[in-house]
S.K.: 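One structure follows; several queries about it will come next.
In the text below, chain A, chain B and the rest are named by the order of the sequence lines, each starting its count at 1.
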Amino acid sequence: MKHAQTLNSEMPKAFDPLAIEAGWYARWEADGLFIADPASDQPKFAMCFPPPNITGELHMGHALQAAVYDLIARYKRMTGYEVLFLPGYDHAAIATQNVIEKQLAREGTTKEELGRDHFNARVDAWYEEVGAQIINQLRLLGASMDWTRLRFTMDARYVRAVTTAFVEFYKHGWIYRAPRIVNWCPHDRSAISDLEVEWREHQDTLYFVKYPIEGGGDLTIATVRPETMLADTGVAVNPADGRYRNLVGKTAVLPLVGRKLPIVADDAVETAFGTGALKVTPGHDPTDYEIGQRHGLEIVNGMNLDGSMNVPGLPYDGLGALEARARIVADLKEQGLLVREEPYTHEVGHCDRCHAVIEPLISEQWWLRMEELRDHALAASEAGKVRWHPERYERTYLDWLRGLRDWNIGRQLWLGHRVPVFYCANGHTTVSVEPPSNCDECGNAELTQDPDVLDTWFSSALWPFATLGWPDQTEDLKAFYPTDINCTAREIINLWVSRMIMTGLEFMGDVPFSDVVIHCVVQAPDGRRMSKSLGTGVDPRDLMSKYGADALRAWATSVAMSSQDVRFDESRVEGYRRFCNKLWNATRLVLGSPGVDSADSPGIVERHEHLEDRWILSRLSYAADAVTAGIERFTFQDSINAAYSFAWNEFCDWYLEAVKDRLREGDAVAQDVAFQCLDTLLRFLHPFMPFVTEELWSRLPRREDYLMRNSWPEPQFVDPGAEEEFQEVMAIVEEVRGHRQAAGAPPRGGKLRLDGSVNHSIARLVARLAHVDLVDAPEARGTPLAVVAGRVAFPSGAGDARREKERKRLEDDLARIEARLESSDFQEKAPPEVVKNLEERATAAREALNRLADQDS
RNA sequence: GGGCGGUUAGCUCAGUUGGCUAGAGCGCCUCGCUUACACCGAGGAGGUCGUUGGUUCAAGUCCAUCACCGCCCACCA
């Protein structure tokens with residue numbers, strides 16, 4: 001349990017985050033506060049943390065995401081839920097393979113040289129090392145994750161879930177194997193899905209090439225990839241294109257190769273592009289593939305899996321694409337077939353992991369039919385089962401879903417979940433979760449497993465239930481599925497969120513979560529992408545060691561739901577460290593008051609004789625409401641801002657200043673109110689800044705338990721009258737201070753006569769806060785301050801400039817207000833309360849001007 | 001090519017259903033080491049809310065247009 005001590009004398013003057021963070025995390029964890037109990041009779045609340053790729057350390061995006069998740073987890077615990085916050089990490093097959101390959105390259109070797117076994121050992125070691133790093137960083141952040149339920153997508157249990165899903169889909173007849181044109185990464189020697197292609201702008205050349213026509217004449221086509229012409233099997237024109245109508249049905253002859261190419265008419269051809277004639281390469285272009293299918297064109301495979309040319313008998317055989325291109329262009333030029341070249345800018349697909357140029361080619365792959373999965377997901381959305389925050393992202397998701405095509409789930413990588421398909425020597429296929437010992441059909445025991453692995457996203461798609469034990473009906477699964485929230489960056493809405501929804505509906509019969517929260521992306525200060533390779537990354541650990549985890553988290557949650565991406569601004573993180581320090585010192589002040597150990601805390605103050613007490617308690621209620629509303633609406637910045645301004649601008653700047661004397665005298669009511677404020681404030685700040693709040697709360701008198709497992713505050717002391725009166729206090733005090741500075745007077749001292757209309761409570765506070773003595777009448781000489789009708793003036797004439805400025809402001813304001821009030825349209829059409837409000841403002845401005853005039857006379 | 005978001009103080013950002021006398025943090029200027037805090041306190045300067053129109057008694061807030069910036073989808077070679 002925690003150590004009990006409440007002596008502020010032990011509190012250093014400055015808050016040191018590093019001195020307390022690790023200790024609290026260890027204590028929370030040791031006391032099992034992160035562990036979820038499926039048998040609890042509390043309502044359940046669950047979130048499965050998006051498994052970070054094990055490709056390296058956590059970056060800013062992870063920190064931001066973890067801060068948001070953890071704030072929700074802590075908030076829900078405090079509001080009475082049994083919370084499961086489940087951590088894990090992802091094997092990220094293609095990404096990890098690339099990382100290891102790069103390491104090997106640096107060591108001057110390759111995975112082929114190393115061999116499968118050694119390569120796998122290497123990968124395992126890497127998973128262990130990086131997995132530990134990631135966990136460590138999440139702990140540093142204060143993420144209250146249930147580490148007893150840590151999951152890894154390569155754990156045996158998880159693997160079984162993945163293969164089970166595959167087998168189920170297969171039984172439905174949704175998984176099939178077929179040759180199709182795919183995005184081929186020649187570097188990874190694997191197919192990748194459409195979503196894993198990253199498009200980049202290239203400055204290329206558009207080549208215009210003359211194709212002779214049998215029986216005389218020729219036509220010119222335009223291409224940026226002349227090397228693919230070696231695999232051309234046709235030429236296409238638009239049926240509506242009058243220029244070429246007479247050529248349809250004729251045959252062109254492929255230069256350099258001599259192959260006969262039927263000229264066909266197809267709507268897919270754009271008449272406005274190039275010459276309006278398209279060379280058709282069904283084996284290496286998706287559009288061409290479809291045209292080829294429609295017209296029965298032959299498919300020629302002109303490329304090897306490593307991206308080199310596969311054109312036996314031609315001089316380009318075995319060359320890389322770019323080299324072949326140069327040679328072909330030269331040869332065409334020599335033969336007079338190159339009509340012209342134009343610079344051309346277009347988008348070229350790259351592998352999003354290794355960045356190699358994608359080569360579309362025909363390949364036999366595993367496919368998953370999406371029709372039914374998609375339709376169920378669409379129906380779930382229509383039924384309002386998933387809410388998106390901000391709402392607009394629902395459309396992003398739905399638009400993508402509606403255009404969904406079959407998913408290429410096979411990968412030809414060394415890493416990943418193996419496809420659970422086995423072939424026997426007789427050519428039969430057995431599909432099974434557990435490796436079969438015999439062929440299902442003929443009993444043959446000589447089985448070989450399909451070499452393909454599954455797309456990483458196939459396994460990630462099962463995350464919300466596979467982590468809970470599916471396909472077994474575990475206690476966790478029953479208690480915590482469906483989960484409640486998924487929070488990610490928008491870039492993986494389609495890759496991941498959509499697929500979880502589809503598999504959840506399929507295997508669990510319900511959506512995997514009810515709310516999807518999309519957070520913004522943090523950019524480098526100059527607006528570029530934050531990236532290690534660009535050198536624009538900022539390490540969250542550096543920030544934590546400079547400012548503390550609380551400051552980083554407070555900043556992260558304050559920007560997470562921005563409508564636009566945010567540029568990283570370190571000064572804002574620093575600002576939240578100062579805020580922690582402010583809280584620290586405010587607590588220190590209150591704890592330093594004599595006799596606090598016996599203060600009646602916590603307890604609602606029944607003795608309301610002090611205006612400032614009623615005022616701050618009313619403000620506290622208002623702030624607590626705002627914090628709660630912000631969390632509930634997923635606008636965390638509203639929560640942070642409300643907490644910050646209450647703590648700093650109201651509690652510290654005004655309340656503590658107002659009650660300093662009372663605290664010093666050991667006034668039990670002031671102590672009680674101050675503790676009440678601190679107690680509540682620390683509670684509603686805890687999800688945002690768990691460490692400093694737990695530390696300070698533990699120092700308040702008689703706090704036996706952890707703040708972390710205490711209840712969410714709902715103070716309900718609202719006193720509009722007190723708020724109004726205190727406004728008056730602040731206005732007069734600010735005026736005194738303003739005049740003082742304008743006149744160059746000392747910051748305290750002097751005498752002030754308040755108008756008789758100012759009540760005693762207000763007068764008392766003004767005197768204290770403005771550091772003046774109240775008198776009945778200003779003395780003729782040596783009186784620095786005087787007041788007329790509740791407003792401050794210097795009788796001497798010092799402060800005239802300020803007064804003049806004030807007059808100007810008031811006059812301008814009054815003129816504007818009167819202009820509006822004089823409009824009959826306004827009087828008739830504006831709501832009465834708006835008119836009334838404006839009239840009151842006009843009155844106030846006139847009174848203020850009158851007072852200024854009185855002072856002049 | 002389609003869709004979405006953004007353009008508010010020197011910088012980074014807030015501004016809920018139109019009522020704003022437009023805010024915060026940082027930075028800047030002037031004071032002040034007052035027994036919680038100099039990781040501080042007090043005062044102050046600084047914005048015709050990207051453009052041009054429109055709707056309205058009233059527009060940063062709604063509509064249209066244009067201009068930039070960013071993102072997501074999209075297989076015109």
S.K.: Under 4.0 angstrom, heavy atoms only, what part of the nucleic acid is A/Val224 near: base, sugar-phosphate, or nothing?
M.R.: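 Sugar-phosphate only.
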S.K.: For A/Val269, which contact category applies under a 4.0 Å heavy-atom criterion: base, sugar-phosphate, or nothing?
M.R.: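 Base, at least one base heavy atom under 4.0 Å.
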S.K.: Starting at CG of A/Asn581 and ending at C1' of B/rA36, how long is that distance when rounded to a whole Å?
M.R.: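 Interatomic distance, CG of A/Asn581 to C1' of B/rA36: 10 Å.
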S.K.: Do the side-chain N or O atoms of A/Lys660 get closer than 4.0 angstrom to the phosphate oxygens (OP1, OP2) of B/rA36?
M.R.: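 Yes, within the criterion.
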S.K.: Tell me, which stems hold RNA chain B, with a stem being 3 or more Watson-Crick or G-U pairs in a row and both distances under 3.5 Å?
M.R.: B:1-7 with B:67-73, B:10-13 with B:23-26, B:28-32 with B:40-44, B:52-54 with B:62-64
S.K.: For the residue pair A/Tyr344 and A/Phe273, categorise the inter-ring angle as parallel (less than 30°), tilted (30 to 60°) or perpendicular (more than 60°).
M.R.: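 Perpendicular: the ring planes of A/Tyr344 and A/Phe273 meet at over 60°.
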S.K.: Do any side-chain nitrogens or oxygens of A/Arg740 fall under 4.0 Å of OP1 or OP2 in B/rG43?
M.R.: no
S.K.: Rounded off to whole Å, could you give me the CD-to-P distance for the A/Glu342 and B/rA77 pair?
M.R.: 14 Å
S.K.: How long is the line joining CD of A/Glu840 and P of B/rC20, in whole Å?
M.R.: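 Value for this atom pair: 14 Å.
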S.K.: Donor-acceptor check, side chain of A/His295 to backbone of A/Ala265, threshold 3.5 angstrom: yes or no?
M.R.: yes
S.K.: Whether the side chain of A/Asn238 engages the backbone of A/Val269 through a donor-acceptor N/O pair (distance < 3.5 Å, no angle test) should be reported.
M.R.: yes
S.K.: Ignoring hydrogens and angles, tell me if any N or O in the side chain of A/Thr536 forms a donor-acceptor pair with the backbone of A/Ser531 under 3.5 Å.
M.R.: yes
S.K.: Under 4.0 Å, counting only non-hydrogen atoms across every strand here, what does A/Arg392 touch: a base, just sugar-phosphate, or nothing?
M.R.: sugar-phosphate
S.K.: Below 4.0 angstrom from OP1 or OP2 of B/rC75, is there any side-chain N or O of A/Arg405?
M.R.: yes
S.K.: Look at the side chain of A/Ser639 and the backbone N and O of A/Ile631, then say whether any donor-acceptor pair between them is shorter than 3.5 Å.
M.R.: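 Here the side-chain-to-backbone pair exists.
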S.K.: Counting only heavy atoms not in A/Arg294, do more than 12 sit closer than 6.0 Å to its CZ atom?
M.R.: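 Result for CZ/A/Arg294: enclosed.
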S.K.: Check whether any side-chain N or O of A/Tyr344 sits under 4.0 Å from OP1 or OP2 of B/rA77, and answer yes or no.
M.R.: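 Affirmative; the distance criterion is met.
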S.K.: Side chain of A/Asp653 only, heavy atoms from C-beta on: which candidate in B/rC57, B/rA74, B/rA42 is closest?
M.R.: B/rA42
S.K.: Once you apply a heavy-atom cut-off of 4.0 Å, does A/Arg737 come out as touching a base, just sugar-phosphate, or nothing?
M.R.: sugar-phosphate
S.K.: Using only atom types and a distance under 3.5 Å, with no angle test, would you say the side chain of A/Thr223 pairs donor to acceptor with the backbone of A/Arg225?
M.R.: yes
S.K.: Rounded to the Å, how far apart are A/Met561 CE and B/rG15 P?
M.R.: 11 Å
S.K.: When you measure from the side chain of A/Asn585 to the backbone N and O of A/Asn581, does any donor-acceptor pair fall under 3.5 Å?
M.R.: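 Yes, the answer is positive, given that a donor and an acceptor are paired below the 3.5 Å cut-off.
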S.K.: Could you tell me whether A/Ser824 contacts a base, only the sugar-phosphate backbone, or nothing, with contacts defined as non-hydrogen atoms closer than 4.0 Å?
M.R.: nothing
S.K.: Report yes if the distance between the aromatic ring centroids of A/Trp555 and A/Phe688 is under 6.0 Å, otherwise no.
M.R.: no
S.K.: Remember a base hit wins even if backbone is also touched, and classify A/Cys652 as base, sugar-phosphate or nothing at under 4.0 Å, heavy atoms.
M.R.: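 Answer is base: heavy atoms of A/Cys652 come under 4.0 Å of a base.
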S.K.: Could you tell me the separation between the CZ atom of A/Arg567 and the P atom of B/rC11, rounded to a whole number of Å?
M.R.: 10 Å
S.K.: Applying a 4.0 Å non-hydrogen cut-off, can you work out what A/Phe651 is touching in the nucleic acid: base, sugar-phosphate, or nothing?
M.R.: nothing
S.K.: Are A/His350 and A/His202 close enough that their ring centres sit under 6.0 Å apart?
M.R.: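 So the answer is yes for these two rings.
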S.K.: Taking atom C1' of B/rC72 as reference, at what distance in whole Å does atom CD1 of A/Ile492 sit?
M.R.: 14 Å
S.K.: Given that A/Pro286 and A/Ala14 both sit by RNA chain B, which one's nearest nucleotide is further toward the 5' end?
M.R.: A/Ala14
S.K.: What N/O pairs connect the protein and nucleotides 25-31 of chain B at under 3.5 Å? Give each pair on its own line.
M.R.:
residue	atom	partner	partner atom	Å
B/rC26	OP1	A/Arg578	NH1	3.0

S.K.: For A/Asp812 and B/rC20, give me the distance from atom CG to atom C1', rounded to whole Å.
M.R.: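 So the CG-C1' distance, A/Asp812 to B/rC20, works out to 16 Å.
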S.K.: State yes or no: are the ring centers of A/Tyr644 and A/Phe579 separated by less than 6.0 Å?
M.R.: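 When the ring centroids of A/Tyr644 and A/Phe579 are compared, they turn out to be within the sub-6.0 Å range.
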S.K.: Would you say the side-chain atoms of A/Asn183 pair up with the backbone N or O of A/Pro360, donor to acceptor, closer than 3.5 Å?
M.R.: no
S.K.: For RNA chain B, which residues in residues 625-638 of chain A have a heavy atom at a distance below 4.0 Å?
M.R.: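 Listed by number, they are A/Gln637.
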S.K.: Is A/Pro746 touching bases, backbone alone, or none of the nucleic acid, heavy atoms closer than 4.0 Å?
M.R.: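 Since no nucleic acid heavy atom lies under 4.0 Å of A/Pro746, the category is nothing.
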S.K.: Does A/Lys13 get its side chain close enough to the base of B/rC37, under 3.5 Å, for a donor-acceptor pair?
M.R.: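 A donor-acceptor contact between them is absent.
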S.K.: Tell me which one of A/Leu401, A/Leu404, A/Leu195, A/Asp399 satisfies side-chain contact (heavy atoms from CB on, under 4.5 Å) with A/Asn494.
M.R.: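 For A/Asn494, the side-chain contact (heavy atoms from CB on, under 4.5 Å) test succeeds with only one of A/Leu401, A/Leu404, A/Leu195, A/Asp399, which is A/Leu195.
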S.K.: Kindly indicate whether the side chain of A/Gln564 and the base of B/rC13 share any N or O donor-acceptor pair separated by less than 3.5 Å?
M.R.: no
S.K.: Side chain of A/Asp825 only, heavy atoms from C-beta on: which candidate in B/rG70, B/rC37, B/rC57 is closest?
M.R.: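 Nearest nucleotide to the side chain: B/rC57.
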S.K.: Just to be sure I understand the rule, does A/Glu828 reach a base, reach only the sugar-phosphate, or reach nothing, if contact means heavy atoms closer than 4.0 Å?
M.R.: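 No contact at all - A/Glu828 keeps every heavy atom at 4.0 Å or more from the nucleic acid.
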S.K.: Between atom CD in A/Glu818 and atom C1' in B/rC57, what is the gap in whole Å?
M.R.: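 Computing the A/Glu818:CD to B/rC57:C1' distance gives 17 Å.
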S.K.: Does A/Glu491 reach a base, just sugar-phosphate, or nothing at all? Heavy atoms under 4.0 Å.
M.R.: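 If one applies the 4.0 Å heavy-atom cut-off, A/Glu491 turns out to touch nothing in the nucleic acid.
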S.K.: Between A/Arg820 and B/rC57, is there a contact of a side-chain N or O with OP1 or OP2 at under 4.0 Å?
M.R.: no
S.K.: Applying a 4.0 Å non-hydrogen cut-off, can you work out what A/Thr287 is touching in the nucleic acid: base, sugar-phosphate, or nothing?
M.R.: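 A/Thr287: base contact, heavy atoms under 4.0 Å.
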S.K.: When we call it a touch if two heavy atoms are under 4.0 Å apart, what does A/Glu734 touch: a base, just sugar-phosphate, or nothing?
M.R.: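 The answer is sugar-phosphate, as A/Glu734 gets under 4.0 Å only of primed atoms, P, OP1 or OP2.
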S.K.: Keeping A/Thr205 on the side-chain end and A/Tyr207 on the backbone end, is there a donor-acceptor pair under 3.5 Å?
M.R.: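 Flag not set: sc A/Thr205 to bb A/Tyr207 has no pair under 3.5 Å.
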S.K.: At under 4.0 Å between heavy atoms, what does A/Asp399 touch on the DNA or RNA strands: base, sugar-phosphate, or nothing?
M.R.: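 A/Asp399: no heavy atom of the nucleic acid under 4.0 Å.
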S.K.: How far does the C1' atom of B/rG5 sit from the matching atom of B/rG43, given to the nearest Å?
M.R.: 40 Å
